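What you are looking at is a predicted structure, and each value in this text was computed from that prediction instead of being measured.
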Amino acid sequence: MIQIRNLHKSFDQLEILKGIDLDVQSGETVVIIGPSGSGKTTFLRCLNLLETPTSGALTLADRHLQFTPGRPVAKNEMLALRRETGMVFQNYNLFPHKTALENLMEGQITVLGRSKSEAREKALRLLDKVGLADRADMYPHQLSGGQQQRVGIARAMAMDPKVLLFDEPTSALDPELVGEVLKVMKELAQEGMTMVIVTHEMKFAQDVADRVVFIDGGVIVEQGPPAEIFGAAKHERTRQFLNKLS
Ligand code: ADP
């Protein structure tokens with residue numbers, strides 16, 4: 001589903017991503033872990049082109065983009081690739097003046113050209129799926145953080161993305177609200193959604209990930225099944241990082 005080759009990203013003169021290669025299979029759940037500042041969020045944002053990679057290649061579904069310094073990618077190609085992805089943000093990023101239902105309908109109508117009734121039907125189905133059917137007409141400020149993030153996930157799903165990207169989806173939540181969001185994510189993983197998740201929730205990674213990728217200093221240091229990474233990491237840097245957390 002995703003193929004990344006020799007991806008680099010610099011901000012001004014500072015190189016943050018230093019050559020990342022990664023393949024994600026259809027239906028796979030990949031969890032990215034690593035120290036703060038190691039480039040995890042930047043990497044995720046490169047996957048849907050919220051950040052433009054400095055160089056390298058990205059294939060997502062059947063869309064292929066090559067990045068070369070000084071040669072900008074055509075806007076329509078970027079938008080087409082972005083449309084294949086759904087992004088769930090740390091701070092939900094809901095439209096504050098729209099209800100939960102309207103948040104889910106907006107993109108379907110303006111970007112995908114769906115009719116209002118079609119968009120509404122899909123929105124209601126997805127709100128039901130994340131356990132919020134009875135909150136459809138509420139505004140974000142009337143919802144808890146956990147509920148807002150579940151709306152955020154449903155909104156991303158409403159666009160029928162091929163891949164869902166999660167950027168620390170639970171790190172702004174009070175601890176007692178984390179579980180309800182992780183539960184929705186786990187269900188999506190079990191249904192075969194392709195997901196790339198940046199998180200500090202190691203228990204979730206252990207439970208749900210098909211593969212854990214450890215990034216440090218802008219490179220992938222190590223990757224493997226959770227049992228291997230958490231139980232028998234090969235690299236000292238991975239072990240040090242995990243030891244610090246426990
Ligand atoms: P992580 O998600 O692993 O904590 P980030 O990808 O957020 O790491 O950040 C990696 C580095 O890139 C940090 O040093 C950060 O300051 C820098 N960085 C991220 N975004 C920008 C930006 N838009 N402009 C300049 N530097 C940035």
Side-chain angles (χ1 to χ4, degrees), residues 1 26-27 29 41 44-45 47-50 60-61 63 76 78-199 201 204 208:
M1 182 63 81
S26 179
T29 298
T41 292
L44 200 70
R45 290 170 64 87
L47 292 186
N48 73 346
L49 305 177
L50 283 177
L60 202 147
R63 304 203 175 272
N76 59 340
M78 289 181 63
L79 289 176
L81 187 138
R82 187 173 300 156
R83 217 168 274 180
E84 308 284 15
T85 69
M87 183 83 160
V88 177
F89 297 91
Q90 187 173 352
N91 293 311
Y92 332 128
N93 282 19
L94 300 178
F95 304 117
H97 302 299
K98 290 186 187 293
T99 64
L101 181 71
E102 289 164 351
N103 263 278
L104 266 69
M105 289 173 63
E106 173 79 13
Q108 294 189 68
I109 294 168
T110 58
V111 178
L112 301 183
R114 288 186 183 145
S115 72
K116 245 183 161 171
S117 65
E118 194 184 357
R120 187 186 161 80
E121 192 189 318
K122 177 144 190 132
L124 287 171
R125 199 161 4 104
L126 284 165
L127 284 173
D128 188 41
K129 186 177 166 66
V130 299
L132 293 172
D134 57 345
R135 300 287 197 279
D137 296 324
M138 292 198 171
Y139 289 89
H141 75 270
Q142 297 173 303
L143 299 170
S144 72
Q147 291 169 338
Q148 288 185 59
Q149 190 57 298
R150 284 188 278 152
V151 173
I153 295 171
R155 183 177 63 173
M157 292 292 293
M159 305 297 282
D160 291 328
K162 296 219 168 73
V163 177
L164 270 187
L165 308 173
F166 294 82
D167 186 13
E168 301 193 17
T170 59
S171 57
L173 294 173
D174 291 335
E176 72 270 23
L177 302 178
V178 168
E180 65 190 64
V181 172
L182 295 181
K183 179 169 169 278
V184 168
M185 292 168 63
K186 187 173 180 174
E187 284 165 7
L188 290 175
Q190 286 168 344
E191 287 167 16
M193 188 70 209
T194 308
M195 316 210 289
V196 182
I197 304 167
V198 172
T199 186
E201 295 289 338
F204 173 81
V208 178

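- Without hydrogens or angle criteria, Gln147 side chain to Gly131 main chain gives no donor-acceptor distance under 3.5 Å.
- Residues Leu164 and Thr85 form no side-chain contact, since every pair of their non-hydrogen atoms from C-beta on lies 4.5 Å or further apart.
- Residues Ala133 and Asp128 come closest through the heavy atom pair CB-OD1, 3.6 Å.
- Between the CG atom of Leu60 and the CZ atom of Arg82 there is a distance of 12.5 Å, given to the nearest 0.5 Å.
- Scanning both residues, Val184 and Val130, for their nearest heavy atoms gives CG1-CG1, 3.8 Å.
- Under a cut-off of 6.0 angstrom, the local environment of CZ in Arg45 is crowded, with over 12 non-hydrogen atoms contributed by other residues, nucleotides or ligands.
- Ion pair Glu187/Lys183 flagged as a salt bridge, since at least one NZ, NE, NH1 or NH2 atom sits closer than 4.0 Å to an Asp/Glu carboxylate oxygen.
- Annotation: side chain of Met195 is in contact with side chain of Leu188 (closest heavy-atom distance under 4.5 Å).
- Considering Leu182, Thr170, Val178, Val181 in turn, Leu182 is the only one that fulfils the side chain to side chain contact (heavy atoms under 4.5 Å, CB included) rule with Phe204.
- At distances below 3.5 Å, not a single donor-acceptor pair connects side-chain atoms of Arg114 with backbone N or O atoms of Ile109.
- To the nearest 0.5 Å, atom OH of residue Tyr139 and atom CD of residue Glu102 are 5.5 Å apart.
- Residue Thr29 comes nearest to Met193 through the heavy atom pair OG1-O, 4.3 Å, listed as atom of the first residue, atom of the second, then distance.
- The closest donor-acceptor contact from the side chain of Gln108 to the backbone of Ala119 lies under 3.5 Å.
- Residues Pro161 and Ala156 approach most closely at CD-O, 3.3 Å, considering heavy atoms.
- No donor-acceptor pair closer than 3.5 Å links the side chain of Arg135 to the backbone N or O of Ala100.
- If you run side chain to side chain contact (heavy atoms under 4.5 Å, CB included) between Leu165 and each of Ile197, Val198, Val196, Val88, only Val196 comes through.
- Remark: Phe89 CZ to Gln149 CD distance equals 10.0 Å, nearest 0.5 Å.
- Of the inter-residue distances, the one linking Arg63 atom CZ with Leu81 atom CG reads 7.5 Å to the nearest 0.5 angstrom.
- Between Ala136 and Leu124 the shortest heavy-atom distance is CB-CD2, 4.1 Å.
- Expressed to the nearest 0.5 Å, how far CD of Glu191 lies from NZ of Lys186 amounts to 13.0 Å.
- The backbone N or O of Glu176 lies less than 3.5 Å from no partner atom in the side chain of Asp174, so there is not a single donor-acceptor pair.
- Of the possible donor and acceptor atoms, one in the side chain of Asn103 sits under 3.5 Å from a partner among the backbone N and O of Lys98.
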For this session: Using the side chain to side chain contact (heavy atoms under 4.5 Å, CB included) rule, take Met87 and Asp167 through it: C-alpha gap first, then chi angles, then the decisive distance, then the call.
Result: CA-CA 8 Å; Met87 183 83 160; Asp167 186 13; 4.2 Å; yes
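- Using a 4.5 Å cut-off on side-chain heavy atoms (C-beta onward), Glu84 and Val163 make no contact.
- In terms of heavy atoms, Lys162 sits closest to Thr194 at O-CB, 3.6 Å.
- Among Arg150, Gln148, Arg155, the single residue meeting the side chain to side chain contact (heavy atoms under 4.5 Å, CB included) criterion with Tyr92 is Gln148.
- With a 4.5 Å cut-off on side-chain heavy atoms, Met159 and Arg83 do not count as touching.
- Distance check: Leu104 CG to Leu94 CG gives 9.0 Å after rounding to the nearest 0.5 Å.
- When side chains are defined from C-beta on, Ser144 counts as touching Leu177, because their heavy atoms get closer than 4.5 Å.
- No side-chain donor from either of Thr99 and Asp137 sits under 3.5 Å from a side-chain acceptor of the other.
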